[in-house]
Number of protein chains: 2
Amino acid sequence: MRISALEKYGLRCLLVLAKEGPDKQLSIAEIAEKEGLSIPYSSKLLSILRKAGLVQAARGRGGGFSITRRADDITLFEVLTALGGPLVEPHHCSKYAGNLKECVHIDRCSVHDVLDNLADYVEQFLNDTTLEDIIRADKTGYLKKADYKIILSKNSLQDKLTG
Amino acid sequence: MRISALEKYGLRCLLVLAKEGPDKQLSIAEIAEKEGLSIPYSSKLLSILRKAGLVQAARGRGGGFSITRRADDITLFEVLTALGGPLVEPHHCSKYAGNLKECVHIDRCSVHDVLDNLADYVEQFLNDTTLEDIIRADKTGYLKKADYKIILSKNSLQDKLTG
DNA sequence: ATAATACTTTACTTTTTTGTAAAGTTTTTG
DNA sequence: CAAAAACTTTACAAAAAAGTAAAGTATTAT
């Protein structure tokens, strides 16, 4: 379980634009320079962010990229999902079944269930963190932080199935 | 950010042994068969688990693997860390600096800070989940689950540095 | 129009991760 | 002691991810 390079670098590029706000744009070269990345790699990252609708591009002379929404309206969840996909593969049991066509735990896979719970849990954190929070931390040195007082309860798997 | 194949398969192999308890052992062939994995791949997974001290091996005829501790004494954090390493690279800023030798945000990297917070947060969940919880869920259909009532607070970065 | 600027797309190389194969070592049984 | 069972190690092949390069397309200024 690891944060990918694409996620880290892509987030950093987006933060550069987030600091500028939706009304200002920067060229790939400017963004690459600010983050110490190569121009081709920055192009790739920005292309992914554009396809996800997080930034928009203006082509031609005087063009560049701008963020599509305000920093306080974009969550870390959106950004990391755009760059790295979901934490758990949607069809884990069919994709990672080893030699067999289907997971041996096809009827009830508690590993999958616990990983799904973890994904939900992580999503909660990521949805509670906006780009604005990160920008503010840069300026003030204070970062919003989960308080590690997690309430654990027993929930029925059946609840999830029936909604 | 993704759960790796090694983490998922490794966890499954360990769970097979956890269900048997520390006093019973199974051969690689038996474990592979139960999880629908190839024998060479299972060997690799069990080798990693052995080096991490989570299982022990008895060689020779009649040998096999057994878990070293009870299922309720092994957390998901230990298992996933053994199989996949930490969520965030320890020296992210020096390793993923792009073209430069050091991260451009070397003095204060709020991206790194927020990812460290995420790692701590995830660790909390993983430390609260034992192999026994997963085994129980297999039997009963009930899985312990974080209640999504996360208390967010503002914490000083300085707090982290000074302890 | 034309040239310069700047995004876009495709293809390719390198590195890492996954997964397999085979030869080696240890222990037990006959 | 020899053979079989079973773990161990090393090396290798295949697939995915990371990162680079180059040719293409759109826009604007002259």
Side-chain angles (χ1 to χ4, degrees), chain A residues 1-13 17 24-33 35-52 54-68 80 82-85 89 92 95-100, chain B residues 1-13 17 24-33 35-52 54-68 80 82-85 89 92 95-100:
Chain A
M1 195 171 146
R2 175 159 283 145
I3 301 281
S4 73
L6 236 62
E7 288 171 309
K8 268 190 281 206
Y9 284 142
L11 172 59
R12 275 166 49 172
C13 287
L17 292 173
K24 287 183 191 160
Q25 64 181 17
L26 294 175
S27 69
I28 291 177
E30 288 172 311
I31 296 165
E33 200 275 330
E35 289 302 316
L37 304 174
S38 72
I39 289 176
Y41 191 40
S42 303
S43 302
K44 187 181 229 175
L45 294 169
L46 287 160
S47 169
I48 293 169
L49 293 170
R50 184 180 57 75
K51 283 166 186 157
L54 290 166
V55 303
Q56 59 196 178
R59 290 166 73 143
R61 187 167 179 151
F65 285 90
S66 58
I67 200 161
T68 50
L80 295 188
L83 291 160
E89 290 289 336
H92 147 239
K95 281 194 77 173
Y96 291 92
N99 285 337
L100 307 174
Chain B
M1 192 172 148
R2 175 159 284 146
I3 301 281
S4 74
L6 235 61
E7 288 171 310
K8 266 189 282 206
Y9 284 141
L11 173 59
R12 275 167 49 175
C13 287
L17 292 174
K24 287 184 192 159
Q25 64 181 18
L26 295 175
S27 69
I28 291 177
E30 289 171 312
I31 296 165
E33 200 275 329
E35 289 302 316
L37 304 174
S38 73
I39 289 176
Y41 191 39
S42 303
S43 302
K44 185 181 231 175
L45 295 169
L46 287 161
S47 170
I48 294 169
L49 293 169
R50 183 179 57 76
K51 283 167 188 158
L54 290 166
V55 302
Q56 57 196 178
R59 290 166 75 145
R61 188 167 179 153
F65 286 90
S66 59
I67 199 160
T68 50
L80 295 188
L83 291 160
E89 289 288 337
H92 147 239
K95 282 195 77 172
Y96 291 93
N99 284 339
L100 307 175

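Hydrogens, waters and symmetry mates play no part in the numbers below; they use all other heavy atoms, side chains included. Order of the sequence lines fixes the chain letters, A, B, ..., with proteins taken first and strands second; residue numbering starts at 1 for each chain.
- Taking only side-chain nitrogens and oxygens, A:S27 never comes nearer than 4.0 Å to OP1 or OP2 of C:dA6.
- The phosphate of D:dT20 (OP1 or OP2) has a side-chain N or O of A:S38 nearer than 4.0 angstrom.
- Put simply, CD1 on B:I28 is 13 Å from C1' on C:dT26, counting in whole angstrom units.
- Whole-Å rounding puts the A:Q56 CD to C:dT8 P distance at 11 Å.
- Taking atom CD of residue B:E7 and atom P of nucleotide C:dT18, one finds them 8 Å apart after rounding to whole Å.
- If you check every strand for non-hydrogen atoms under 4.0 Å, B:A58 touches sugar and phosphate atoms only.
- Nearest heavy-atom pair across B:I67 and B:L17 is CG2-O, 4.0 Å.
- Which of C:dT20, D:dG19, C:dT8 sits closest to the side chain of B:P40 comes down to C:dT20.
- Going from atom CD of B:Q25 over to atom P of C:dT28 covers 11 Å, rounded to whole Å.
- Rounded to whole angstrom, the span from the CG atom of B:L37 across to the P atom of C:dT20 amounts to 9 Å.
- Here the straight-line distance linking atom CD of A:E7 with atom CZ of B:R2 works out to 8.0 Å at 0.5 Å rounding.
- Taking the side chain as every heavy atom from C-beta outward, A:I39 and A:S43 approach each other to under 4.5 Å.
- Regarding B:E35, its CD atom lies at a distance of 14 Å from the P atom of C:dG19, rounded to whole Å.
- Side-chain atoms of B:R59 and base atoms of C:dT25 include a donor and an acceptor less than 3.5 Å apart.
- Rounding to whole angstrom units, CG of residue A:L45 and P of C:dT8 are separated by 13 Å.
- The 5' end of DNA chain D is approached more closely, in terms of each residue's nearest nucleotide, by B:L26 than by the other of B:L26 and B:K44.
- Atom P of nucleotide D:dA16 and atom CG of A:L6 are separated by 16 Å, given to the nearest angstrom.
- Between the CG atom in A:L6 and the CG atom in A:L45 there is a gap of 5.5 Å [rounded to 0.5 Å].
- The shortest distance between the side-chain N/O atoms of A:R50 and the OP1/OP2 oxygens of C:dC7 is not below 4.0 Å.
- When each of D:dA18, C:dT18, C:dA4 is scored by its nearest atom to the side-chain atoms of B:A5, the top-ranked nucleotide is C:dT18.
- Between D:dG19, D:dC7, C:dT27, one nucleotide has an atom nearer to the side chain of B:R61 than all others, and that is C:dT27.
- One finds no side-chain N or O of A:R2 lying less than 4.0 angstrom from the OP1 or OP2 phosphate oxygen of D:dA18.
- A residue-by-residue look at A:K51 and A:G60 shows that A:G60 has its nearest nucleotide of DNA chain C further toward the 5' end.
- Residues A:A57 and A:R50 share a closest heavy-atom pair of CB-CD, 3.8 Å.
- Side-chain proximity of B:Y41 to the nucleotides D:dT28, C:dG19, D:dA18 is greatest for C:dG19.
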